[in-house]
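Every chain is numbered from 1 and lettered A, B, ... according to where its sequence line falls, protein lines coming before strand lines.
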Amino acid sequence: MKRFVALKVNGEEYDIDIEPNRLLLHALREDVGLTGTKEGCSIGVCGACSVIVDGKLVSSCLTLALACQGKEITTIEGLAKDGRLHPLQQAFLEYGGFQCGVCTPGQIMAAKALLDANPNPTEEEVKEWMSGNLCRCTGYYKILEAVMAAAHNKISSDFQVKHERKTAKIQSLNVYKDS
Amino acid sequence: MGFELLQPRSLAEALEMKKSYGEEAKVLAGGTDFLVLLKDQKLKAEVVMSLRGIRELNFIRHEEGKGVTLGALATHGAVAASAIIRQRFPDLAEACAQVGAVQVQNLGTVGGNLCNASPAADAAPPLLLMDASLILASARGERRISIHDFFQGPRRTVLQADEILKEIFIPQIPGRRGATYLKLGRRKAMEIAIVGIGVAIHLNGSDQVVSDCRIALGSVAPTPLRARHGEEILRNQEIRDELIEEAAEVAAEEASPISDVRASREYRLDMIRVLCRRAIPAALASARGNKVEGLS
Ligand SMILES: Cc1cc2nc3c(=O)[nH]c(=O)nc-3n(C[C@H](O)[C@H](O)[C@H](O)COP(=O)(O)OP(=O)(O)OC[C@H]3O[C@@H](n4cnc5c(N)ncnc54)[C@H](O)[C@@H]3O)c2cc1C
Ligand code: FES
Ligand code: FES
């Protein structure tokens, strides 16, 4: 039998009706409609579904949505503020911390939880903490570089402006016109 | 597979529910074993009782001169980060820090690790070293049993249909204690132990003569176990390489590992010897470095 639950995601409340066995992962993607959180293994091993619940990094595929009533849930969609990327998001772009991107939301959420707890980690600490986030594309070094860059503020201040300008220029070429 | 979810807010409420539903209501703590078993259809549940909302079960309490109590909802992450556990029971902190990775440590509980009764449960060997006791509660009352009597086989414990594990008590140990937990897996994270070994050394007065040595093994028998004959070889002795060698041999003889997808029986027996040879000196060094007397 479906039950009502109010989930607080990225500061906003979502009222949804779900079966008691609904996993937080599926509630976020299918009921709330935030598909940034990815499903990889579904058994807690890959880290793709990592989200932050009441300040703690957890696998949303190992969490019942009903158990999250009243808790603060943060997903990848909650990081960018006022049209500005979170430093970690920018660092992943600037340092090429992803290829296909499937693991990336989980990687960034894991890195955020780390930097929230330890703003100045060593490379070893980053590797240890992120050992539960698998990536089948990058070989990990780019991810490590991106996290270290975000931690040490080695991201360019004008990245976003340049990026927006570049996007505008591409769009002005009209090559993606519907025909 | 749908189920009905019970969400008691207090221990008393949970025990009443367990009384009326009995075996039918499956207990859920962190869910890191439970939800995976359910998904793989190795477990069937029509009624699930989540303990997550019971605040009174989520604590780590230290009482000087008595010991440390872990509430059933204390997670691996909380235990690994606890200052008192790290100082007095580093083997347990090391074991909890090696469960899965952060995402699993923040959900999984030490209580669930024990109740799940996997031979590979990482928290079990340290708690066996500490002669921990478990407080099992039901609407009928509470009983305290030794961890040595808790496991009955893979995935089987003495928990009755109407009982839940309420807390884990770790008694303070007289003298200086040093200990370590070594885990061998194919990779460091998200990996079940091929062999897990806990060793504790107790020193009382002398830095040379070991007043007690305890060895616990995981993943090498139907339940985690103490290697009591191996321990005997080092007790009240000055530790020498020949004795470590002998204790490692004897400890391996006490195990009865199987061959499975992770490793063969022979490899596991070999690794018990190797890990004993590493863990015993490490535990001794930790005891010598420990300036905190267990008993005040
Ligand atoms: C990706 C991944 C990696 C893992 N790595 C490791 C590892 O390295 N080492 C390791 O030891 N384990 C590992 N595990 C297994 C699991 O995380 C641990 O065993 C964990 O401690 C289980 O605790 P839980 O709170 O999640 O238990 P749950 O899954 O909620 O419950 C487990 C079992 O115990 C019962 N139970 C739980 N609490 C109680 C209680 N208070 N009273 C009565 N019954 C209870 C439940 O009914 C169920 O049968 C891993 C799991 C995953 C998914
Ligand atoms: S999908 Fe949750 S950890 Fe892989
Ligand atoms: S970028 Fe493809 S899996 Fe990590």
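- Counting non-hydrogen atoms of other residues, nucleotides and ligands closer than 6.0 Å to OH of A/Tyr141 gives a total of 12 or fewer.
- Proximity to chain A (any heavy atom under 4.5 Å) is shown, for B/Leu5, by both the backbone and the side chain.
- Of the inter-residue distances, the one linking B/Gln105 atom CD with A/Lys56 atom NZ reads 10.5 Å to the nearest 0.5 angstrom.
- Side-chain contact between A/Leu64 and B/Leu35: present, with at least one pair of heavy atoms (C-beta onward) separated by less than 4.5 Å.
- Of the two parts of A/Leu114, neither the backbone nor the side chain holds a non-hydrogen atom closer than 4.5 Å to a non-hydrogen atom of chain B.
- Inspection of non-hydrogen atoms places no residue of residues 76-92 of chain A under 4.5 Å from chain B.
- Atom CD of B/Glu46 has 12 or fewer heavy atoms from other residues, nucleotides or ligands within 6.0 Å.
- Open room surrounds NE2 on A/His163; 12 or fewer heavy atoms of other groups in view lie less than 6.0 Å from it.
- More than 12 non-hydrogen atoms from other residues, nucleotides or ligands lie less than 6.0 angstrom from CZ of B/Arg262.
- Per-residue counts of heavy-atom pairs under 4.5 Å with chain B were compared for A/Gly44, A/Ser42, A/Gly70; the largest is that of A/Ser42.
- Looking at heavy atoms from C-beta onward, B/Glu4 lies out of side-chain contact with A/Pro20 at the 4.5 angstrom threshold.
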- Message: Test side chain to side chain contact (heavy atoms under 4.5 Å, CB included) on A/Arg3 and B/Gln7; report intermediate values, then the result.
- Response: CA-CA 12 Å; A/Arg3 277 173 57 182; B/Gln7 293 175 290; 2.6 Å; yes
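- Partner of B/Asn106 under the side chain to side chain contact (heavy atoms under 4.5 Å, CB included) criterion, chosen from A/Val53, A/Leu57, A/Asp54: A/Leu57.
- When the shell of 6.0 Å around CZ of B/Arg55 is examined, it contains 12 or fewer heavy atoms from other residues, nucleotides or ligands.
- Contact residues of residues 121-132 of chain A toward chain B are A/Glu128, A/Trp129, A/Ser131, A/Gly132 (heavy-atom distance under 4.5 Å).
- The side-chain heavy atoms of A/Leu62 and B/Gln103, taken from C-beta on, include no pair separated by under 4.5 Å.
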